[in-house]
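Note that the numbering runs from 1 along the sequence shown for the chain. Read the numbers this way: they start at 1 and go in the same order the structure lists the ligands and their atoms.
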Amino acid sequence: MSIPALLLHPYQHLLSSLRVPSPRLHCVLHSGKHPASRAPSAELLKPSGHHCTKWTLLSGGPRRALCAQATLKDHTEGLSDKEQRFVDKLYTGLVGRQRACLAEAITLVESTHARKKELAQALLQRVLTHHREQERLNQGKPLTFRVGLSGPPGAGKSTFIEYFGKMLTERGHRLSVLAVDPSSCTSGGSLLGDKTRMIELSRDMNAYIRPSPTSGTLGGVTRTTNEAILLCEGGGYDIILIETVGVGQSEFAVADMVDMFVLLLPPAGGDELQGIKRGIIEMADLVVVTKSDGDLVVPARRIQAEYVSALKLLRRRSGVWRPKVIRISARSGEGISEMWDTMREFQRVMLASGELATKRQKQQKVWMWNLIQENILEHFKTHPSIREQIPLMERKVLSGALSPGLAADLLLKAFKSKP
Ligand SMILES: Nc1nc2c(ncn2[C@@H]2O[C@H](COP(=O)(O)OP(=O)(O)OP(=O)(O)O)[C@@H](O)[C@H]2O)c(=O)[nH]1
């Protein structure tokens, strides 16, 4: 893993406040071979306290290693008694399967308030430790199944989740449905996860439905969804469905959070499915043609055949699983029990081959880097020495007075000159 030394220096406090969701993280960042690492002013950081929560600048060669070690203690130190009691209450309620505590905990991770974010991390760290312990008792096997569900508007997602969710709870599972909805970021309204879309399931005590937060960037929503997954798992939900609408980038983000990615497609003509990007189909572990009932059975069969052929042309992402295309009807219930069997088969095969564990590990790394990127960009945009220059530079780029490259160089120079 390499990081330009030049980048480390302005982000000292960002890195110091970085909380990585692992009970005991030990990571070593080398200054690497980036040209910036040869800069004479390159500075590295070293932990100043025993628990490495604080960082101080360390002058020295760019090849000096940087060690970050975060322990559970780090996350609980510095909380006032009141804050500690609050975190304790949420944690106890959450692992005691109280829905109100889960809801409050998710609201906490969605908060943009700096102190609340720290409390959220302290809570998450405890939940994660608890969950890891449960998994250890389960011979290291995951206790939960994370499923991403995507499809264009009107594909029948909510009707399907309602039927599927009830089937799962009747079979003794506990299900949570989380939504990643890019439209909610711009319109302030959430299309997905809305309780009114799944009336019966929302009344089921073994199901928990959480709408997408209605503010923030897709990056922010992604972060909070990742954290909400951990909270739901800590709260004893064994199946986590993450629903997203098949537009924009949200399905790519969701594919990076889940064990299995399922794409729902309506039995619509080619034109209506034009909007489905090839990239999404490539990510699907299972393609499900919906509404295969009545007059729609014939078009559903045709779409199924088309996708079976299309999938053959795509590069395989797994060494042990070949994506399948099936038909279901949430109206008649046909095919849904078989669909669940296929999903369990996927889980079994992926677990046995070790691919599932590798996938989850890779996702943790992607998640960490997404957080770093998001934080660094935010820090850049709000940095006092350039905040006011940004609109000016944007105007100059738009008018053609400055090339985008030069404008970016000037802003970066200003940023680096005043830490
Ligand atoms: N015939 C038939 N119609 C269905 C089935 N499932 C859903 N529909 C209908 O398809 C329409 C869209 O269904 P929704 O479940 O709301 O679809 P959605 O993907 O959640 O749509 P958005 O909320 O817009 O994202 C509704 O009119 C449903 O009644 C099915 O299995 N068979």
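- For the residues Glu243, Arg331, Glu334, Met198, the heavy atom positioned nearest atom 2 (C) of ligand 1 is part of Arg331.
- Heavy atoms only, all atoms of each residue included: Gln84 and Arg126 are closest at NE2-NH1, 4.2 Å.
- We find that Arg302 and Glu306 are joined by a salt bridge, their nearest charged nitrogen and carboxylate oxygen being less than 4.0 Å apart.
- Heavy-atom proximity to Lys157, at under 4.0 Å, picks out these atoms of ligand 1: 15 (O), 17 (O), 18 (P), 19 (O), 20 (O), 25 (O).
- An N or O contact shorter than 3.5 Å is missing between Phe160 and ligand 1 by distance.
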Which donor-acceptor pairs under 3.5 Å do the side chains of residues 227-234 make with protein atoms, sequence neighbours left out?
from   : atom 1 : to     : atom 2 : distance (Å)
Glu227 : OE1    : Arg223 : NH1    : 3.2
Glu227 : OE2    : Gln121 : NE2    : 3.1
Glu233 : OE1    : Arg146 : NH2    : 2.9
Glu233 : OE2    : Thr144 : OG1    : 2.7
Glu233 : OE2    : Arg146 : NE     : 2.7
Glu233 : OE2    : Arg146 : NH2    : 3.4

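- Heavy atoms of Gly151 come nearer than 4.0 angstrom to ligand 1 in no pair at all.
- Listed by number with element, the atoms of ligand 1 under 4.0 angstrom from any heavy atom of Ser329 are 31 (O).
- The aromatic rings of His379 and His383 sit perpendicular to each other, their planes meeting at more than 60°, with 30° as the lower class boundary.
- Annotation: ring pair (Phe, Tyr, Trp, His ring centres under 6.0 Å) contacts of Phe346 (sequence neighbours excluded): Trp321.
- In terms of polar-atom proximity, defined here as any N/O pair under 3.5 Å, Gly154 does make such a contact with ligand 1.
- The shortest N or O to N or O distance between Pro153 and ligand 1 is not below 3.5 Å.
- At least one heavy atom of Asp293 sits closer than 4.0 Å to an atom of ligand 1.
- Trp340 and Phe164 have perpendicular rings, their planes meeting at more than 60° on a 0 to 90° scale where under 30° would count as parallel.
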